[in-house]
Amino acid sequence: MPPRAAIAAAALLLGASASAQTVVKIGSASPLSGPGAHQGKDIENGAQLAIDDLNAKGIVIGGQKVQWQLLAEDDAADPKSGTAVAQKLVDARVAGVVGHLNSGTTVPASKIYAAAGIPQISPAATTPGYTQQGFKTAFRVVANDRLIGRTLATYTAKALKAQRIAIIDDRTAFGQGLADEFARGVRAIAGNEAIVSRQFTNDKAVDFSAILTQIRAKKPDVIFYGGMEAVAGPMLKQMKTLGIDARLVSGDGICSERLPLLAGDALGDGKVICVVAGGIDGPQEASHAAFTERYRARFALPVESYAPYAYDAVMVLAAAMQAAQSTAPARYLPALAKVRHEGVTGSIAFDARGDLRNAAMTMFTYRQGRKVKLQVVRGR
């Protein structure tokens with residue numbers, strides 16, 4: 001080959017190498033329709049913001065520049081839809097999945113991701129059963145129900161000094177699981193007699209007069225509800241109508257910016273106590289505040305609950321890929337299990353099951369229609 005031709009060929013090869021890139025697809029699965037759509041969209045938006053930030057960094061993995069893409073799917077908070085969505089993402093050859101939101105969709109979907117060897121990080125699902133299946137692909141960046149239930153039970157019995165506690169749950173994997181853990185914690189602290197009523201509803205109910213009338217006769221100090229805010233809001237209104245002067249205690253399913261809209265003037269001041277399965281304090285508060293401002297500017301919406309955790313979940317997947325210098329799930333999965341990442345929600349590292357180590361939880365109440373932070377506690 002003549003010298004000039006050789007130089008031209010070399011230049012073409014260098015140009016091709018410089019322009020070579022790998023497209024990495026990250027799946028996002030959450031309810032984008034139905035009562036929980038606003039929280040599902042919160043997850044999608046948080047993940048998208050992370051994708052935008054990764055693309056702006058021009059990350060190189062294994063010698064190739066990475067172009068990140070988000071594939072967002074609607075699981076409708078339904079187990080059957082959740083498994084269909086999981087298979088769709090597997091067929092699309094995603095490198096990792098951020099989701100699902102609901103425990104009832106997360107657990108069945110996790111079996112499909114595990115069979116395909118695709119890492120899954122839930123930014124919201126709290127049922128202990130998710131990480132107790134033994135799947136090496138299952139992780140979460142929030143505390144589980146065992147920690148949340150115990151924390152809420154301790155706060156209810158000791159800080160609120162409640163002596164008569166009624167419990168309601170919506171019979172979903174999340175709601176019932178959280179209520180069971182709360183009840184177990186109350187019994188350990190205050191004894192069986194502290195629970196004066198145990199009632200059930202469903203996640204689409206709008207009329208609670210029958211169960212609330214039964215509960216009113218027991219004169220509770222606290223009503224615990226295991227479920228989501230779409231039910232909790234109307235329940236608070238009916239508690240007020242029936243003259244039930246008790247605090248409502250619950251988990252992160254109700255702990256959103258939307259609850260005041262659903263409960264109206266029945267929300268009261270300090271009447272609702274809820275906990276979010278994550279928390280930041282000290283120096284981390286500045287980075288979290290910056291994230292919420294960026295989120296609002298990007299999507300013209302406030303952060304509901306889960307966007308920061310979805311953002312961190314994407315960033316953790318990317319960090320593991322960079323550590324392994326590979327975007328192939330089988331190659332970077334071992335690095336994911338050992339990852340150490342400082343995110344907007346705090347320090348992220350996983351235990352042997354895929355649960356978050358030293359998981360934080362944040363206690364909130366509502367005053368004058370606004371969610372107010374009480375304290376951050378850490379699980380043990």
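Numbering starts at 1 and runs along the sequence shown.
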Can you list every salt bridge (charged side-chain N to carboxylate O under 4.0 Å, His left out) pair that touches residues 323-341, not counting sequence neighbours? none
Could you tell me whether the side chain of Gln368 reaches within less than 4.5 Å of the side chain of Asp269, counting heavy atoms only? yes
Given the options Ile165, Ile168, Val249, Ile223 meets side-chain contact (heavy atoms from CB on, under 4.5 Å) only with Ile168
So which of Ser28, Ser30, Ser81, Ser33 actually passes side-chain hydrogen bond (donor to acceptor under 3.5 Å, both in side chains) with Asp74? Ser33
The criterion is side chain to side chain donor-acceptor pair (under 3.5 Å); which residues satisfy it with Arg171, sequence neighbours excluded? Asp169
Residues passing the side chain to side chain donor-acceptor pair (under 3.5 Å) test with Thr172, sequence neighbours excluded, are Asp170
Between Thr365 and Val272 (side chain of the first, backbone of the second, donor and acceptor by atom type, cut-off under 3.5 Å), is there such a pair? yes
Please check: side-chain N/O of Asp312 versus main-chain N/O of Thr345, any donor-acceptor pairing under 3.5 Å? yes
Residue set satisfying side chain to side chain contact (heavy atoms under 4.5 Å, CB included) with Lys111, at least two apart, ordered chain then number -> Val107, Gln133, Phe135
Among all residues two or more places apart in sequence or in another chain, which pass the salt bridge (charged side-chain N to carboxylate O under 4.0 Å, His left out) test with [X]?
X	answer
Asp180	Arg198
Lys41	Glu44
Lys373	Glu285
Arg357	none

Linking I/L/V/M/F/W/Y whenever their side-chain heavy atoms sit closer than 4.5 Å, directly or via other members, would Leu259 and Tyr306 fall into one cluster? no
With sequence neighbours excluded, residues passing ring-ring contact (aromatic ring centres under 6.0 Å, His included) with Phe364: none
By ring-ring contact (aromatic ring centres under 6.0 Å, His included), which residues pair with Phe182, not counting sequence neighbours? Phe224
Look at Arg298 together with Asp52 and state whether they make a salt bridge at an N to O cut-off of under 4.0 Å. yes
Less than 4.0 angstrom from a charged side-chain N to a carboxylate O is my criterion; do Glu73 and Lys88 meet it? yes
Can [X] and [Y] be counted as having a side-chain donor-acceptor contact under 3.5 angstrom?
X	Y	result
Tyr295	Asp42	yes
Tyr311	Asn45	no
Glu229	Ser256	yes
Asp355	Thr131	yes

Above 12 or not: heavy atoms from other molecules or residues under 6.0 Å from NZ of Lys136? no
Looking only at heavy atoms, the pair that brings Asn55 and Trp68 closest together is OD1-N, 2.8 Å
Residue pairs involving residues 151-181 (criterion disulfide (SG to SG under 2.5 Å); sequence neighbours excluded): none
Can you pull out every side chain to side chain donor-acceptor pair (under 3.5 Å) where at least one residue sits in residues 212-225? Sequence neighbours excluded, please. Gln199-Gln214
